[in-house]
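Have a look at the structure below, then the notes.
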Amino acid sequence: MKRNLRSFHPDDLNEIVPKPFQHLEHMCLMKQDWSQYWSIGGLGFSGVNCSRILFCGGCFPVWSGRATAWFILDQNFDRFDLLWMVKRVRSFLENSMPDTVRRIDATAREDFPPASRMLEMLGFESEGLMKKYGPDGASHYIYARMM
């Protein structure tokens with residue numbers, strides 16, 4: 001089986017061993033059980049290669065017109081997976097988001113530049129640095145993509 005993007009299922013997060021920089025965020029997601037909420041409405045997705053979950057992500061509504069994007073990457077996610085993911089997720093953002101969404105935002109840890117590059121490849125633009133934003137006090141850049 002080759003790579004495919006499928007609808008997110010909460011169990012997908014159980015199959016991911018997150019990259020070290022996302023371990024705390026992954027634990028927070030699992031603890032809060034927000035994944036059940038994210039699986040509703042078709043705005044969550046998982047990238048799969050054979051039976052291996054490469055990443056989980058999606059968008060969830062914050063209020064009318066605004067959604068927030070999230071991504072958790074498997075520890076074995078590599079640059080080839082990134083190129084494939086960017087193509088599929090860009091298509092998802094352009095073709096599957098409700099027409100009412102005019103803004104999607106996401107954050108990237110300041111101490112992990114590849115996350116910023118990934119968001120920029122997805123068409124997001126940096127809006128600034130949020131100091132001590134993360135669950136561990138790490139600073140994050142806020143990114144947004146206008147639809």
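Note that the coordinates shown come from a computational prediction; the quantities given were computed from them, not determined experimentally. Heads up: numbering here begins at 1 and tracks the sequence.
- In this structure the side chain of Cys56 reaches within 4.5 angstrom of the side chain of Ile16, judged on heavy atoms.
- Residues passing the side chain to side chain donor-acceptor pair (under 3.5 Å) test with Arg6, sequence neighbours excluded: Asp12.
- Closest approach of Ile53 and Asp74 over heavy atoms only: O-CB, 3.5 Å.
- Transitive grouping of hydrophobic side chains (ILVMFWY, heavy atoms separated by less than 4.5 Å) keeps Phe112 and Tyr133 in distinct clusters.
- For the side chain to side chain contact (heavy atoms under 4.5 Å, CB included) with Met97, the lone residue among Arg145, Arg102, Met147 that qualifies is Met147.
- Residues that satisfy the salt bridge (charged side-chain N to carboxylate O under 4.0 Å, His left out) test with Arg66, not counting sequence neighbours, are Asp105.
- Side-chain contact between Leu43 and Pro98: present, with at least one pair of heavy atoms (C-beta onward) separated by less than 4.5 Å.
- The CG atom of Leu54 sits 14.0 Å away from atom CD1 of Ile72, with the distance rounded to the nearest 0.5 Å.
- Scored by the salt bridge (charged side-chain N to carboxylate O under 4.0 Å, His left out) test, Arg117 finds no partners at all (sequence neighbours excluded).
- Under the side chain to side chain contact (heavy atoms under 4.5 Å, CB included) criterion, Lys131 pairs with Leu129, Ser139, not counting sequence neighbours.
- Looking at residues two or more places apart in sequence or on another chain, you find a side chain to side chain contact (heavy atoms under 4.5 Å, CB included) between Ala106 and Ala69, Leu119, Phe124.
- Under the 30°/60° scheme for interplanar angles, the aromatic rings of Phe77 and Phe55 are found to stand perpendicular.
- By the side chain to side chain donor-acceptor pair (under 3.5 Å) test, Thr100 is found to be paired with no residue, residues two or more places apart in sequence or in another chain being considered.
- Every residue two or more places apart in sequence or in another chain was checked for a salt bridge (charged side-chain N to carboxylate O under 4.0 Å, His left out) with Glu125, and none qualifies.
- Heavy-atom minimum distance, Ser116 versus Tyr141: OG-CD1, 3.9 Å.
- One distance of note links CD1 of Ile104 with CG of Leu122; it measures 10.0 Å at 0.5 Å rounding.
- Residues Phe8 and Ser46 come closest through the heavy atom pair CD1-OG, 3.5 Å.
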Return a table of donor-acceptor pairs under 3.5 angstrom between the side chains of residues 81-92 and protein atoms on other chains or two or more places apart.
residue: Asp81; atom: OD1; partner: Arg3; partner atom: NH2; Å: 3.2
residue: Asp81; atom: OD2; partner: Arg52; partner atom: NH2; Å: 3.4
residue: Asp81; atom: OD2; partner: Asp78; partner atom: N; Å: 3.1
residue: Arg90; atom: NH1; partner: Met121; partner atom: O; Å: 2.5
residue: Ser91; atom: OG; partner: Asn95; partner atom: ND2; Å: 3.2

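- Scored by the side chain to side chain donor-acceptor pair (under 3.5 Å) test, Glu120 finds Tyr143 as partners (sequence neighbours excluded).
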